[in-house]
Amino acid sequence: MLSGLEAAFFYLFAFVVVASAFMVISARNPVHSVLFLILAFFNAAGLFLLAGAEFLAMILVVVYVGAVMVLFLFVVMMLDVDFAELKSGALQYAPIGALVGLILAAELIVVTAGYAFAPELGGAVAQPTPDIATRHNTAALGDILYTDYIFQFQMAGLVLLVAMIGAIVLTLRHKENVKRQDVVAQVARKPVIEVKKVETGKGV
């Protein structure tokens, strides 16, 4: 149980996360939505630090805030996207979104209720979390990823690589009337050499 200063920071971070998440979906300006999402990520990283998961907090800040969200921000600011037109047909997907939200809420309730009524189930897992005094959190996570689940970890990276290549191929558009270098055609071209006989005294 959290108490004192830790409890105060927990409620502060949690309140800011929920408020920022609400502003992400309610802000009219997409740039403001991205900035509120960055704020939500920072406070979620604070919650991970309070829970003792410093590796997840670092990954959340470095990967999502430092790379993904900054990229989103540049894309939103540089591209002239009509977001009003994109949101015009969003209401037709509201029933599906509500169904997905109810399923996720039910899963969270089941997990929370199971932990509250049967806390001993946490010690019955195959690889319980080691004591932080004997094994550091980051080292324990590395042991699991790079020993027991190395194949699944590599396959996840391969799937992401294939998805990235597919996204590039699907979104690549060649503009017309643009000169491009065709190396294959240049190499396959047969040179045409014409030899002319120049009479004596009539050359250049």
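Atom CG of Leu170 and atom CD1 of Ile165 lie 12.0 Å apart (nearest 0.5 Å). A distance of 12.0 Å separates CD1 in Ile25 from OG in Ser20, rounded to the nearest 0.5 Å. Atom CD of residue Gln152 and atom CD1 of residue Ile144 lie 12.5 Å apart, to the nearest 0.5 angstrom. The CG atom of Asn43 sits 10.0 Å away from the CG atom of Leu60 when rounded to the nearest 0.5 Å.
Counting all heavy atoms, side chain and backbone alike, Phe13 lies closest to Leu50 at CD1-CD1, 3.9 Å. The two residues Met23 and Ser33 make their nearest non-hydrogen contact at O-OG, 4.4 Å. Nearest heavy atom pair, residue Ala45 against residue Ala57, reads O-CB, 3.4 Å.
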Exercise for the section: Walk me through it: do Ile168 and Met164 pass the test side chain to side chain contact (heavy atoms under 4.5 Å, CB included)? Expected result: CA-CA 6 Å; Ile168 294 174; Met164 181 181 66; 4.3 Å; yes

Exercise for the section: Could you walk me through whether Val17 and Leu47 pass side chain to side chain contact (heavy atoms under 4.5 Å, CB included), step by step? Expected result: CA-CA 9 Å; Val17 166; Leu47 292 176; 4.3 Å; yes

Practice task
Begin with the C-alpha distance, continue with both residues' side-chain angles, and end with the deciding distance and a verdict on side chain to side chain contact (heavy atoms under 4.5 Å, CB included) for Leu39 and Val16.
Solution key: CA-CA 8 Å; Leu39 180 61; Val16 176; 4.1 Å; yes

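Grouping the Ile, Leu, Val, Met, Phe, Trp and Tyr side chains by contacts below 4.5 angstrom, directly or via other members, places Leu145 with Ile59. Val18 and Phe15 fall into different hydrophobic clusters, where Ile, Leu, Val, Met, Phe, Trp and Tyr residues are linked whenever their side-chain heavy atoms come under 4.5 Å apart, directly or through other members. Residues Tyr149 and Met155 are members of separate hydrophobic clusters, defined by side-chain heavy-atom contacts under 4.5 angstrom among Ile, Leu, Val, Met, Phe, Trp and Tyr.
The one candidate from Phe42, Phe41, Phe48 that meets the ring-ring contact (aromatic ring centres under 6.0 Å, His included) condition with Tyr64 is Phe41. With respect to Val24, the side-chain contact (heavy atoms from CB on, under 4.5 Å) criterion is satisfied by exactly one of Ile38, Val34, Leu37: Leu37.
Residues satisfying the ring pair (Phe, Tyr, Trp, His ring centres under 6.0 Å) test with Phe153, not counting sequence neighbours, are Tyr146.
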